[in-house]
Undergrad: 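Quick one: the structure is below, and I'll ask about it shortly.
Just so you know, residue 1 is the first one in the sequence shown, and it goes up from there.
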Amino acid sequence: MSATDRLTRTRMLLGDEGLSRLQNAAVMVVGLGAVGGYALEALARSGIGRLVLVDFDVFDESNINRQILALTSTVGQKKTEVARRRVLDINPDCIVETRDMFVNADTLPQLLDIPVDFVVDAIDALNPKCCLMEALYERGIPFISSMGAALKTDPSFIKCGTLSASKNCGLAKFIRKRLRKRGLEI
């Protein structure tokens with residue numbers, strides 16, 4: 001199967017120029033659990049040309065009910081390796097780089113030296129998420145960051161916007177407070 005066949009619908013939707021932009025784009029996905037796994041799936045299927053996958057964890061049985069990459073066959077395996085194999089199964093033309101690492105203030109300089117066009121922040125830990133957002137903002141790297149949706153059952157309440165405009169999200173509230181203390185209004 002060729003990339004032309006595999007990406008026919010994307011080409012129909014975005015045109016040749018739009019598809020070319022995707023194929024020449026580099027995206028980093030930080031956190032390959034629930035949000036990160038589904039985001040990665042969409043990116044791989046869209047024809048993104050290069051993906052950088054970042055996570056430090058392995059799959060556990062408790063991940064199976066909510067993480068697309070978690071299967072009985074992947075329990076105990078590194079999330080980055082499972083994700084890499086899945087991306088290449090979907091889009092063999094994609095260049096996939098993996099980083100098995102915990103994101104924090106010490107590891108961010110090394111991680112953000114990797115050139116990318118966009119970052120998907122799917123980290124669920126408060127301090128690493130704040131450190132990543134601050135570093136991305138300071139470096140001018142475009143990103144999207146998932147906030148808290150745990151135990152929410154109505155997807156119509158999910159909104160996309162600036163962090164400062166978020167409402168009814170405990171995680172976003174804590175992140176806003178921490179980033180304000182660091183002098184950032186995102």
Side-chain angles (χ1 to χ4, degrees), residues 25-44 48 51-70 74-75 77-83 97-186:
V27 177
M28 180 182 290
V29 180
V30 185
L32 297 169
V35 172
Y38 283 99
L40 176 65
E41 182 87 3
L43 291 165
I48 294 292
L51 287 163
V52 180
L53 312 178
V54 183
D55 205 303
F56 70 96
D57 209 357
V58 299
F59 286 107
D60 183 79
E61 283 184 24
S62 67
N63 302 140
I64 292 173
N65 74 321
R66 66 190 188 286
Q67 296 183 16
I68 196 167
L69 300 171
T74 64
V75 169
Q77 295 181 32
K78 289 182 178 183
K79 290 183 176 183
T80 52
E81 182 54 28
V82 170
E97 300 173 35
T98 61
R99 298 295 187 274
D100 295 312
M101 62 192 310
F102 185 78
V103 174
N104 61 31
D106 295 332
T107 60
L108 275 170
Q110 169 193 357
L111 183 63
L112 296 182
D113 279 347
I114 301 168
V116 294
D117 300 302
F118 196 83
V119 174
V120 175
D121 161 27
I123 298 174
D124 56 8
L126 186 60
N127 203 46
K129 185 176 214 56
C130 288
C131 288
L132 177 62
M133 291 174 72
E134 179 181 18
L136 292 169
Y137 182 79
E138 287 176 349
R139 289 178 181 231
I141 300 170
F143 67 97
I144 189 165
S145 186
S146 66
M147 293 295 122
L151 303 177
K152 306 290 190 294
T153 57
D154 186 347
S156 69
F157 285 106
I158 296 172
K159 305 289 183 223
C160 188
T162 62
L163 182 62
S164 61
S166 63
K167 297 177 184 173
N168 303 319
C169 177
L171 179 60
K173 180 180 176 181
F174 285 121
I175 290 171
R176 269 195 312 272
K177 283 175 108 174
R178 285 201 182 188
L179 291 179
R180 266 193 217 120
K181 286 180 183 179
R182 298 174 186 192
L184 294 176
E185 281 288 333
I186 299 176

Undergrad: Applying salt bridge (charged side-chain N to carboxylate O under 4.0 Å, His left out), which residue pairs with at least one partner in residues 97-111 are found, sequence neighbours left out?
TA: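 Residue pairs passing salt bridge (charged side-chain N to carboxylate O under 4.0 Å, His left out), neighbours aside: Arg50-Glu97, Lys78-Asp100, Glu97-Arg99.
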
Undergrad: Check the pair Phe118, Ile144 against side chain to side chain contact (heavy atoms under 4.5 Å, CB included), reporting the backbone distance first and the verdict last.
TA: CA-CA 8 Å; Phe118 196 83; Ile144 189 165; 3.7 Å; yes

Undergrad: Rounded to the nearest 0.5 Å, how far does OG1 of Thr162 lie from CZ of Arg176?
TA: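 It comes to 9.0 Å.
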
Undergrad: Before giving the answer on side chain to side chain contact (heavy atoms under 4.5 Å, CB included), spell out for Asn63 and Leu69 the whole-Å C-alpha distance, their side-chain angles and the decisive distance to 0.1 Å.
TA: CA-CA 9 Å; Asn63 302 140; Leu69 300 171; over 6 Å; no

Undergrad: Testing the basics here: between Tyr137 and Phe143, what is the closest heavy-atom pair and its distance to 0.1 Å?
TA: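 Tyr137 and Phe143 have their closest heavy atoms at N-CE2, 4.1 Å.
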
Undergrad: Evaluate side chain to side chain contact (heavy atoms under 4.5 Å, CB included) for Lys129 paired with Asp124, printing each intermediate quantity in order.
TA: CA-CA 7 Å; Lys129 185 176 214 56; Asp124 56 8; over 6 Å; no

Undergrad: Nearest 0.5 Å please: distance from the CG atom of Leu171 over to the CE atom of Met147.
TA: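 That separation rounds to 5.5 Å.
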
Undergrad: When you measure from the side chain of Asp117 to the backbone N and O of Ala26, does any donor-acceptor pair fall under 3.5 Å?
TA: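 Yes; at least one donor-acceptor contact below 3.5 Å.
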
Undergrad: If you compare all heavy atoms of Ser146 against all heavy atoms of Ala122, which two are closest, and at what distance to 0.1 Å?
TA: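 That closest heavy-atom pairing would be OG-CA, 3.7 Å.
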
Undergrad: Does any non-hydrogen side-chain atom of Val27 lie less than 4.5 Å from one of Val116?
TA: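 They are not in contact (no side-chain heavy atoms under 4.5 Å apart), so the answer is no.
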
Undergrad: Mind checking the OG1-CG spacing from Thr98 to Asp55? Nearest 0.5 Å is all I need.
TA: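 Thr98 OG1 to Asp55 CG: 11.0 Å, rounded to 0.5 Å.
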
Undergrad: Asn104 versus Leu108: any side-chain heavy-atom pair under 4.5 Å?
TA: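 Result no, sub-4.5 Å side-chain heavy-atom pair not found.
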
Undergrad: Rounded to the nearest 0.5 Å, how far apart are CG of Leu43 and OH of Tyr38?
TA: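 Atom-to-atom, Leu43:CG and Tyr38:OH are 15.0 Å apart.
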
Undergrad: Nearest 0.5 Å, please: how far is CZ in Arg182 from CD1 in Ile186?
TA: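 Here the interatomic distance stands at 10.0 Å.
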
Undergrad: Should Lys79 and Asp60 count as an ion pair when the cut-off is N to O under 4.0 Å?
TA: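 No, no charged N to carboxylate O under 4.0 Å.
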
Undergrad: Within this structure, what is the NZ-CG distance for the pair Lys177 and Leu126, rounded to the nearest 0.5 Å?
TA: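 One finds 11.0 Å between NZ of Lys177 and CG of Leu126.
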
Undergrad: Could you walk me through whether Ile64 and Thr74 satisfy the side chain to side chain contact (heavy atoms under 4.5 Å, CB included) test, starting with their C-alpha distance in whole Å, then the side-chain angles of each, then the deciding distance to 0.1 Å, before giving a yes or no?
TA: CA-CA 9 Å; Ile64 292 173; Thr74 64; over 6 Å; no

Undergrad: Ser166 side chain to Ala172 main-chain N or O, any donor-acceptor pair under 3.5 Å?
TA: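 A pair under 3.5 Å: no.
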
Undergrad: What's the shortest heavy-atom distance between Leu112 and Arg139, and which atoms?
TA: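 Closest approach of Leu112 to Arg139, heavy atoms only: O-NH1, 3.2 Å.
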
Undergrad: Closest approach of Ile48 and Ala25, non-hydrogen atoms and distance?
TA: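 Scanning both residues completely, I find the closest heavy atoms to be CG2-O, 3.6 Å.
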
Undergrad: Is Val52 close to Val29 at the side-chain level, that is, under 4.5 Å between some pair of heavy atoms?
TA: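 Of all side-chain heavy-atom pairs linking Val52 with Val29, none is under 4.5 Å.
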
Undergrad: When you measure from the side chain of Arg178 to the backbone N and O of Cys130, does any donor-acceptor pair fall under 3.5 Å?
TA: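 Not at all, since once roles are kept as given, no pair shorter than 3.5 Å links the two residues.
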
Undergrad: Any side-chain heavy atom of Leu179 sitting closer than 4.5 Å to one from Met133?
TA: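 Yes, at least one pair of side-chain atoms sits under 4.5 Å.
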
Undergrad: Do Val54 and Leu111 have side chains that approach each other closer than 4.5 Å (heavy atoms only, starting at C-beta)?
TA: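 Yes. Closest side-chain heavy atoms under 4.5 Å.
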
Undergrad: Can you establish whether the number of heavy atoms outside Phe174 located under 6.0 Å from its atom CZ is more than 12?
TA: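 It does not: Phe174 CZ has 12 such atoms or fewer within range.
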
Undergrad: Do side-chain atoms of Ser145 reach the backbone of Val120 as a donor and acceptor pair under 3.5 angstrom?
TA: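 Pair absent, no side-chain N/O of Ser145 close to backbone of Val120.
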
